[in-house]
Amino acid sequence: MRLSRSFLPTLRDTPKEADIVSHRLMLRAGLIRQQAAGIYSWLPLGKRVLANIERIVREEQNRAGAIEVLMPTLQSADLWRESGRYDDYGKEMLRIKDRHEREMLYGPTNEEMITDIFRSYVRSYKELPLNLYHIQWKFRDEVRPRFGVMRGREFLMKDAYSFDIDEPSARRAYNRMFVAYLRTFDRLGVKAIPMRADSGPIGGDATHEFIVLAATGESAVFLDKEALDSPIPGADTDFSGDLTPIVSAWTTKYAATEEMHDKAAFEAIPEERRLEARGIEVGQVFYFGTKYSTPLGAKVTGPDGADHDVHMGSYGIGVSRLVAAVIEASHDDAGIIWPSSIAPYQVGLINLKVGDANTDAACDGLYQRLMNAGIEVLYDDVDGRAGVKFATMDLIGLPWQLIVGPKGLANGEVELKRRATGERETLTLDAAVNRLVAG
RNA sequence: CGGGGCAUAGCGCAGUCUGGUAGCGCAUCUGGUUUGGGACCAGAGGGUCGCAAGUUCGAAUCUUGCUGCCCCGACCA
């Protein structure tokens, strides 16, 4: 993408409503624009990051055997009356009426709807296990939205729902999502630690929150430092096999949120391994048994010929929140530092002297070669001062900056800078292209 | 939902106490000089001062009501 033809409104000053670093940087780098309290538009750069996160989440869900669907944002109140949650959910649920005065709501979550889909079609245990997920906008009318997209009212979430014949099967489904989450967050470039969590109003008796450590996190967390070094399962993990060893490796080390904190257990850990920190919840997995299947009548016939209420779990990832969480975990004074896997572009190609025939030709050539190699490039082809170009490129945080100016070109050289470390190398044009193609 | 704060040009702010017809920096546009880490000079455009009522000869400024947004707490992916 040529900068001259893109829409990338960056801000030099920090808007005053933004308090935490991720919110400031998201506004300054032109990722989002606030439209109302807790409601944001996603501008081109932010949209690309969001799409990259979605892509990785989707790949790992699919790998773990979950199947993608798409449910609507608007739901009928009737379904929620069946589960009893229409009255229980309270003011956080945005309730609206259509032109026929029918009661509707903007979905805060989808347990009822997915259970309705399930009960409409599935009759036999032979169709299980089943895990359906979607990535859709949710609305929760928070009393106090804050910190930009970290706690918005409208937010993008991946939510998966598993259906099994009995509890042991449901626990295996839980483990599959648990392992998928380990892989997902690792690929997104963040270290998310599963922690024993409170089950809250959704209910259930097995749940973990996946928490990214960050100083500005909303939750206090307590963990054994050794939990940070547990291994990430590989892409070749057999999801049809026994995942208990992987899950156990992560859950035997102490790691808990404030609500579930067990002081005695924590203090049993050698002092040098105790870590008290703050974190951002980016995902949560629940096993809640028949909490919804019983009231909604989601049952299958088992091998014994009898009907069984299905055992369910739900598994959420805060996709839009992750954009902020990644920035909280990965930035410096100059701006964002995107992990390569979700960066809006891999390379920022900087033309330091637009209008100079040699420099233009070299940049245009590099741009073409990189694009042909399948590398996503943001090409700053706008006539401007070097300092402004560098500052903007640092702000938006692309992993690589390829700096092309007349001085270097006189020696047939360009400069390649790695955003994360600030490390620079002077290379020939060919060497620079090869380096970027190699990753 | 309790407590606190803010609302003046695209962004950041001053002016409000003490009423007199709106200003600064950045950004934008034009011309010139510059040009490897947020340049300089000259000029220009851009505001029903959040909305509504009131007081007054006169309101950004005083009064009342409303709305929006932010922060702390409680609550939450």
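Treat the numbers as computed from the prediction; the structure is a model and nothing was measured.
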Using a 4.0 Å heavy-atom cut-off across all strands, classify Gly283(A) as base, sugar-phosphate, or nothing. nothing
Pick from Tyr89(A), Tyr106(A), Phe155(A): which one makes a ring pair (Phe, Tyr, Trp, His ring centres under 6.0 Å) with Phe139(A)? Tyr106(A)
Using a distance-only test with no angle check, is there a side-chain donor-acceptor pair under 3.5 angstrom linking Gln136(A) and Thr73(A)? no
Please name the residue in the list Tyr315(A), Trp250(A), Phe178(A) that meets the ring pair (Phe, Tyr, Trp, His ring centres under 6.0 Å) test with Phe210(A). Phe178(A)
With no angle test and no hydrogens, is the base of A27(B) tied to the side chain of Arg12(A) by a donor-acceptor pair under 3.5 Å? no
Does any nucleotide pair with U21(B) by Watson-Crick or G-U wobble geometry, both distances under 3.5 Å, and what is it? none
Roughly how far apart, to the nearest Å, are U61(B) and G73(B) at atom P? 34 Å
Gap in Å between the two P atoms, one belonging to C41(B) and one to U16(B), rounded: 29 Å
Looking only at atom P, what distance separates A7(B) and C49(B), rounded to whole Å? 15 Å
What do the steps show when you test Phe266(A) against Phe222(A) for ring-ring contact (aromatic ring centres under 6.0 Å, His included), and what is the final call? CA-CA 8 Å; Phe266(A) 186 59; Phe222(A) 303 83; 5.6 Å; yes
Identify whether any heavy atom of Leu11(A) sits under 4.0 Å from a base atom; if not, whether one sits that close to sugar-phosphate; answer base, sugar-phosphate or nothing. nothing
Which residue lies more 5' along RNA chain B, comparing Ala37(A) with Leu156(A) via nearest heavy atoms: Ala37(A)
Give Thr392(A) one of three labels, base, sugar-phosphate or nothing, depending on what nucleic acid heavy atoms sit under 4.0 Å from its own. base
Which part of the nucleic acid, if any, lies within contact of Lys91(A), taking any heavy atom under 4.0 Å across all strands shown: a base, the sugar-phosphate backbone alone, or nothing? sugar-phosphate
Span that lies between the C1' atom of U8(B) and that of C69(B), in whole angstrom: 16 Å
pair_partner(C1(B)), Watson-Crick or wobble, both distances < 3.5 Å, evaluates to G73(B)
Considering every strand and a 4.0 Å limit on heavy-atom distances, what is the contact class for Ala18(A): base, sugar-phosphate, or nothing? nothing
Please evaluate the base of G73(B) for a donor-acceptor partner in the side chain of Arg146(A) within a cut-off of under 3.5 Å? no
Roughly, in whole Å, what's the span from CD in Gln34(A) to P in G68(B)? 13 Å
In terms of ring plane angle, is the pair Trp42(A) and Trp137(A) parallel, tilted or perpendicular, where the classes change at 30° and 60°? tilted
When the distance from CZ of Arg385(A) to C1' of C26(B) is rounded to whole Å, what number comes out? 15 Å
By the 4.0 Å heavy-atom rule, please label Lys417(A) as base, sugar-phosphate, or nothing. base
Taking atom P of U35(B) as reference, at what distance in whole Å does atom NZ of Lys407(A) sit? 9 Å
Taking atom P in both G3(B) and G65(B), what distance in whole Å separates the two? 15 Å
Which part of the nucleic acid, if any, lies within reach of Arg33(A) when heavy atoms closer than 4.0 Å are counted: base, sugar-phosphate only, or nothing? nothing
Taking the C1' atom in each of C26(B) and G19(B), what is the distance between them to the nearest angstrom? 31 Å
Determine the contact category for Gly318(A): base if any of its heavy atoms lies under 4.0 Å from a base atom, sugar-phosphate if only primed atoms, P, OP1 or OP2 are that close, otherwise nothing. nothing
Heavy-atom donor-acceptor pair, Lys16(A) side-chain to G5(B) base, under 3.5 Å: no
Taking the minimum atom-to-atom distance to the side chain of Glu142(A), which one of G12(B), C75(B), G36(B) wins? C75(B)
Planes under 30° and centres closer than 5.5 Å, is that true for Phe155(A) with the base of A77(B)? yes
Same-atom distance (C1') from A77(B) to A59(B), integer angstrom: 48 Å
Going by distance alone, is a donor N or O of one side chain under 3.5 Å from an acceptor N or O of the other, for Thr359(A) and Asn351(A)? no
Regarding Ile350(A), tell me which of base, sugar-phosphate or nothing describes its non-hydrogen contacts under 4.0 Å with the strands shown. nothing
Evaluate the criterion salt bridge (Lys or Arg N to Asp or Glu O under 4.0 Å) for residue pair Arg153(A) and Glu142(A); output intermediate values, then yes/no. CA-CA 6 Å; Arg153(A) 291 194 292 171; Glu142(A) 297 274 347; over 6 Å; no
Using atom CG of Asp383(A) as one end and atom C1' of A39(B) as the other, report the distance to the nearest whole Å. 13 Å
Nearest to the side chain of Val143(A) - C70(B), C75(B), C72(B)? C75(B)
For Met150(A) and for Arg424(A), find the nucleotide of RNA chain B with the closest heavy atom, then tell me which residue's nucleotide is more 5'. Arg424(A)
Which nucleotide sits closest to the side chain of Arg140(A): A77(B), G37(B), C70(B)? A77(B)
Whole-Å distance between A74(B) P and Glu259(A) CD? 11 Å
Between G4(B) (P) and Asp19(A) (CG): distance, integer Å: 19 Å
What is the distance from CD of Gln401(A) to P of G36(B), rounded to the nearest Å? 17 Å
Please give the distance between the C1' atoms of A22(B) and G15(B) as a whole number of Å. 8 Å
Can you tell me whether the side chain of Arg144(A) and the base of G4(B) have a donor-acceptor pair closer than 3.5 Å? no
Select one nucleotide: of C69(B), A77(B), G38(B), the one nearest the side-chain heavy atoms of Gln284(A). A77(B)
At under 4.0 Å between heavy atoms, what does Asp394(A) touch on the DNA or RNA strands: base, sugar-phosphate, or nothing? base
Just how far, in rounded Å, is P of C11(B) from CE of Met26(A)? 18 Å
Give, for atom CD1 of Ile56(A) and atom CZ of Phe185(A), the distance between the pair rounded to the nearest 0.5 Å. 11.5 Å
What's Ala386(A) touching, base or sugar-phosphate or nothing? Going by heavy atoms closer than 4.0 Å. sugar-phosphate
